[in-house]
**Q** 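Dumping the structure here so I can ask a few things about it.
Chain naming here is simple, since letters A, B, ... match the order of the sequence lines and numbering starts at 1 in each. Owing to the predicted nature of the structure, the values given are computational and were not obtained by experimental measurement.
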Protein chains: 2
Amino acid sequence: MTVSITDVARAAGVSTSTVSRALRGRPGVSDEVRAQIATVAAQLGYTASRSASSLASGRTFTIGVIAPYIGRWFFGTVLDAAEKVFSAAGYDVLLYNLGTPETRKRFFTRLPVRKRVDAVLSLLIPDEEEAAALRSLEVPLASTVGGAREGFTVVGIDDHAGAASAVRHLVNLGHRRIGMISGASEPLHWTTPLARRRAYLDVLADAGIEHDPKLEADGGYTVEGGEQAMTELLAASRPPTAVFAQSDEMAMGALRALRRHRLRVPDDVSVVGFDDHELAEVIGLTTVAQPVTGQGAEAARLLLEQLDAPDAEPPGHVQMPIRLILRETTAPPSPRGPQ
Amino acid sequence: MTVSITDVARAAGVSTSTVSRALRGRPGVSDEVRAQIATVAAQLGYTASRSASSLASGRTFTIGVIAPYIGRWFFGTVLDAAEKVFSAAGYDVLLYNLGTPETRKRFFTRLPVRKRVDAVLSLLIPDEEEAAALRSLEVPLASTVGGAREGFTVVGIDDHAGAASAVRHLVNLGHRRIGMISGASEPLHWTTPLARRRAYLDVLADAGIEHDPKLEADGGYTVEGGEQAMTELLAASRPPTAVFAQSDEMAMGALRALRRHRLRVPDDVSVVGFDDHELAEVIGLTTVAQPVTGQGAEAARLLLEQLDAPDAEPPGHVQMPIRLILRETTAPPSPRGPQ
DNA sequence: CTGTTAGCGCATTCAG
DNA sequence: CTGAATGCGCTAACAG
């Protein structure tokens, strides 16, 4: 039924080892024979069985990618970019969507990628135990999120600097009551929201603005969460005149809440997001842009580099540039005061 | 180094076949021995090599998913949903991003999934040659896009009915000059935009409205494309009072163009989209909703069903429900006329 | 219920 | 430059 290397060898009148060498471009085959074999293989529609060749060689030509979500813009975009780099180099991508605690736990205990991938790209921040499990695979590891981590090549951004630039922008515009909608604070090892919050506090302190805990709300990184969080902030006795949302999706939720409350943006309330979501421009959202596609591609590239040169010292942490993009959702506070 | 089935067998004092049977839950092993083996395997941190077991059994427990994009909302969402179903059933997902003509061509000529997957889910519409290539894999095939197709289980929507409901809505509001921003018309086998256009023409004809080719523009399924297309439409001598965009992303681009032209929505121009993108609600976009998550999950489920019962006749075409969602971007035409 | 024996399809020694 | 032999780790008959 399905054509194997033996069929090609027989049809070409050579041995299977010659076929193997010829097709993979290894030395030790005359150009003549090589061309002949290529022709025969094409005719027969031969493709080497990945299972068999990985079993024999130990290499899988497959990269495992683990992510907490796929449908969400940031992750889909990183994945898209990384996949292109991998496939261009002849690697396949094995995808694991680890959104729920159960799937996540099952993945790390059973480690289905063991002996199945040549490297792993993580789009989620593993806790210490999970990181150890990944290291036990003994393959190159990379990540596009979180801070530096032993055994991983992390291609990230300076979350503190990014968040600081957003909040400082609001301060410079003259805002004093600045709220924040933060990302999920639940998994403690998820350092991103912590770093961004730290920046928020630091900038306020620098500006001599007293921190008001009532001006903080959790938006869980979703549009709905952002909407709820904004609603909470508006319910305060003295609502903010400006809000820093830790992600564009939450910022969009905030915009919706403001619209429902008949508040104008930026006249009544200013809003800054974080990410530069593909629709941020459509909406006119002021935000901190991070090179999402670039992060995915760069992480993939660095992983391939390690695969090519296993002995070289892998880079630990690569910082990608960020920049504040001013659009239409921020302005000086209304002279009439909040509301 | 890495622990194999032989190590487990030796440690448990049984043969490798018993270990194999025990760990895969096959009959013919006493509960006692099975439990013992499970313990030993866990202690040693044993995971069966997928390469070896697929080579031996012919089954890969892997599903190939091919998509034209991943970062774009529709595809990311379908993929997310499908992956969850597959992984819950113990299957891994091999992802192929076939966005460019080159990657696409390479995939279909080399067919890297051959002997590597137990089934294929396609998020793109293959042309006849590509479909034949997939059929040659001799594994169950499913798709979430396009119309019925031989050898495929297609979980789609009634594009004609969906588009018709959108255009009819505009007609019912009293619009006579109704424009359309269509999806990429380039690959001829891409039937979706054709079906939606057909519906547009049909509804206009039904309403006794003469079709004006100047009221159609191509938006290539992107936000930027939608913006450009809308700009073109506005440049017409008699611009439309309402526009049907074949995707929400193009509708969002249209909204942006309208804003730039200082036209109010829906007062000056009404806009309807298609998809119910996650941000459509945030923007208040009237649109035709399709159950994207449901389509991905259902297609995955049907594929697994075929894997479980290879002899059963696979369903050819499953129609998922659609519905028009009225929000804030559509209203009767302004009594003052266009502009 | 359990062990023995053969491959699955290929890459890689080692000879020639 | 080429072919013959060996084994990667596992599953699937086949015996017992």
**Q** Taking protein heavy atoms under 4.0 Å as touching, what does nucleotides 10-16 of chain C look like 5' to 3' if B marks base contact, S marks sugar-phosphate-only contact and - marks none?
**A** BSB----
**Q** Scan the side chains in residues 39-48 of chain B for donor-acceptor partners under 3.5 Å anywhere in the protein, sequence neighbours excluded, and list what turns up.
**A**
residue	atom	partner	partner atom	Å
B:Thr39	OG1	B:Ala35	O	2.8
B:Thr47	OG1	A:Arg114	NH1	3.3

**Q** Would B:Arg59 count as a cation-pi partner of B:Phe61, with NZ or CZ less than 6.0 Å from the six-membered ring centre and within 45° of the ring normal?
**A**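 Positive - B:Arg59 is close enough to the ring of B:Phe61 and near enough to its axis.
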**Q** Among the nucleotides C:dG9, D:dT2, C:dT4, which one has an atom lying closest to any side-chain atom of A:Leu55?
**A**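 The answer is C:dG9.
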**Q** Going by atom types only, do A:Thr62 and B:Arg116 share a side-chain donor-acceptor pair under 3.5 Å?
**A**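 Per modelled atom types, A:Thr62 and B:Arg116 side chains form a pair under 3.5 Å.
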**Q** Is it true that B:Glu305 and B:Arg301 make a salt bridge, defined as a side-chain N closer than 4.0 Å to a carboxylate O?
**A**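 So B:Glu305 pairs with B:Arg301 through a salt bridge.
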**Q** Any Lys/Arg nitrogen of A:Arg135 or A:Glu128 sitting under 4.0 Å from an Asp/Glu carboxylate oxygen of the other?
**A**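 Salt bridge between A:Arg135 and A:Glu128, a charged N being under 4.0 Å from a carboxylate O: yes.
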**Q** Between the two ends of the helix from C:dC1-D:dG16 to C:dG16-D:dC1, what is the bend in degrees, rounded to 10 degrees, where each end axis spans five pairs?
**A**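 The helix from C:dC1-D:dG16 to C:dG16-D:dC1 shows an end-to-end axis angle of 30°.
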**Q** Taking CZ from B:Arg34 and C1' from C:dT2, how many angstroms apart are they, rounded to a whole number?
**A**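 It works out to 12 Å between those atoms.
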**Q** Quick check on A:Arg110: does its CZ atom have over 12 non-hydrogen neighbours (other residues, nucleotides or ligands) under 6.0 Å away?
**A**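 No, because the 6.0 Å sphere around CZ of A:Arg110 holds 12 heavy atoms or fewer from other groups.
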**Q** B:Ile37 CD1 to D:dC10 P: how many Å, rounded?
**A**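 It is 13 Å, rounded to the nearest whole Å.
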**Q** Rounded to whole Å, please give me the gap between CG in B:Leu23 and C1' in D:dG9.
**A**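 Taking atom C1' of D:dG9 as the reference, CG of B:Leu23 is at 14 Å.
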**Q** Given A:Val292, which of A:Val78, A:Thr144, A:Asp80, A:Ile157 fulfils the side-chain contact (heavy atoms from CB on, under 4.5 Å) condition?
**A**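 Passing option: A:Val78.
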**Q** Are a donor atom and an acceptor atom from the side chains of B:Asp118 and B:Thr60 found within less than 3.5 Å of each other?
**A**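 Short answer, yes.
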